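So the structure is just underneath, and the comments pick up after that.
Positions are given from 1 along the sequence. The figures that follow rest on heavy atoms only: side chains count, while hydrogens, waters and symmetry mates do not. When a ligand or atom number is given, it counts from 1 through the structure's own listing order. What you are looking at is a predicted structure, and each value in this text was computed from that prediction instead of being measured.
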Amino acid sequence: MMNNADAAPSGPAIVVHDLHVKRAKTRVLQGLSLAVPRGLIVGLLGPSGSGKTTLMRSIVGVQVVQSGTIEVLGRPAGSPALRRRVAYYTQQASVYDDLTVRQNLTYFRRVLGAPASDIDRVIERTDLGSVADRLAGSLSGGQRGRVSLAAALLGNPEVLVLDEPTVGLDPVLRVELWQLFHELAADGATLLVSSHVMDEAKRCDRLLLMRDGELLADDTVAGVLAFTGTDDVEDAFLRLIDRGEPDLQPHDASPHDESSHDESAHVAKHVRTTDPDSGPGSEARR
Ligand SMILES: Nc1ncnc2c1ncn2[C@@H]1O[C@H](COP(=O)(O)OP(=O)(O)OP(=O)(O)O)[C@@H](O)[C@H]1O
């Protein structure tokens with residue numbers, strides 16, 4: 001085991017301890033523990049079905065969990081107090097097709113209670129100015145995704161949980177989005193970003209590599225490469241799989257002393273999210 005976690009002065013933004021989650025009959029996460037330091041971009045990488053979305057849903061508080069604890073900004077995941085502080089971008093863009101981009105953002109701004117000036121700010125940050133008055137239903141998939149992202153940026157959330165935000169985007173837009181993520185982190189936000197694309201890993205400050213619901217690595221990119229003796233994240237990932245041991249995790253990834261937790265299911269009531277499972281316009285949505 002290695003310990004490369006940076007000491008964040010005000011503690012980690014996200015702390016997950018001994019998380020167990022089943023979906024239908026499948027045990028998806030079995031005793032997962034990790035900590036996400038504040039103000040960094042942390043990449044969540046792993047093959048399809050490894051549990052990335054399930055972990056993200058748990059962190060934003062929309063996933064029923066069997067046991068374990070999750071704290072976000074020092075509060076239990078899904079707490080009403082986190083509603084405006086944590087944003088969730090889901091894989092499926094969740095926008096109203098019969099509203100324009102600006103009308104969508106106006107609606108979400110009102111739900112959130114964010115300032116009116118936020119609309120122009122997020123349109124500009126996501127480069128949607130040229131389509132701001134078009135119906136969302138007439139936009140490309142990538143543009144609709146950016147409307148969801150713009151909605152996630154309303155109110156300047158402190159934690160952004162972004163599930164594959166660059167899927168379907170051309171290389172130029174991908175680079176621009178990563179620049180935006182770095183600007184947000186420089187402003188103090190914490191970003192947890194999932195991806196299948198290993199070359200995006202290099203753009204992250206730290207990596208969480210998952211496989212079959214287990215954490216194979218929790219380290220900086222340089223740390224992962226050095227530990228595996230490779231210069232490529234994809235090769236590093238394959239080597240970690242070959243070794244078969246989840247052995248590259250910081251010692252302080254399990255920050256709680258409690259060894260047990262209430263077995264009762266935990267479901268969040270309030271979270272700012274564009275999760276389609278929550279349904280457009282529902283309380284849980286934003
Ligand atoms: N709604 C659901 N009901 C039952 N099982 C589910 C459901 N959603 C996901 N699962 C299962 O949970 C496991 C983890 O899925 P999850 O979506 O978290 O993985 P992922 O790493 O995000 O995958 P992807 O990269 O393809 O999005 C998979 O075995 C999947 O089949």
Inset, instruction - Decide if atom CG of Asp231 counts as having more than 12 heavy atoms of other residues, nucleotides or ligands within a radius under 6.0 Å. - result: no
Inset, instruction - Return yes if some donor-acceptor pair links the side-chain N/O of Arg109 with the main-chain N/O of Ala114 below 3.5 Å, else return no. - result: yes
Inset, instruction - May I ask you to decide if Gly46's main-chain N or O and Lys52's side chain share a donor-acceptor pair within less than 3.5 Å? - result: yes
Inset, instruction - With a 4.0 angstrom cut-off on heavy atoms, strictly below it, pick out the residues next to ligand 1 and order them by chain and number. - result: Arg23, Ala24, Val28, Pro47, Ser48, Gly49, Ser50, Gly51, Lys52, Thr53, Thr54, Gln91, Glu164, His196
Inset, instruction - Would you confirm whether Arg121, through its side chain, and Leu153, through its main-chain N or O, come within 3.5 Å as a donor-acceptor pair? - result: yes
Legend entry - Polar side chain donor-acceptor pair, Arg239 to Thr230, under 3.5 angstrom: no
Inset, instruction - Applying side chain to side chain donor-acceptor pair (under 3.5 Å), name anything that partners Gln143, two or more places apart in sequence or on another chain. - result: Ser140
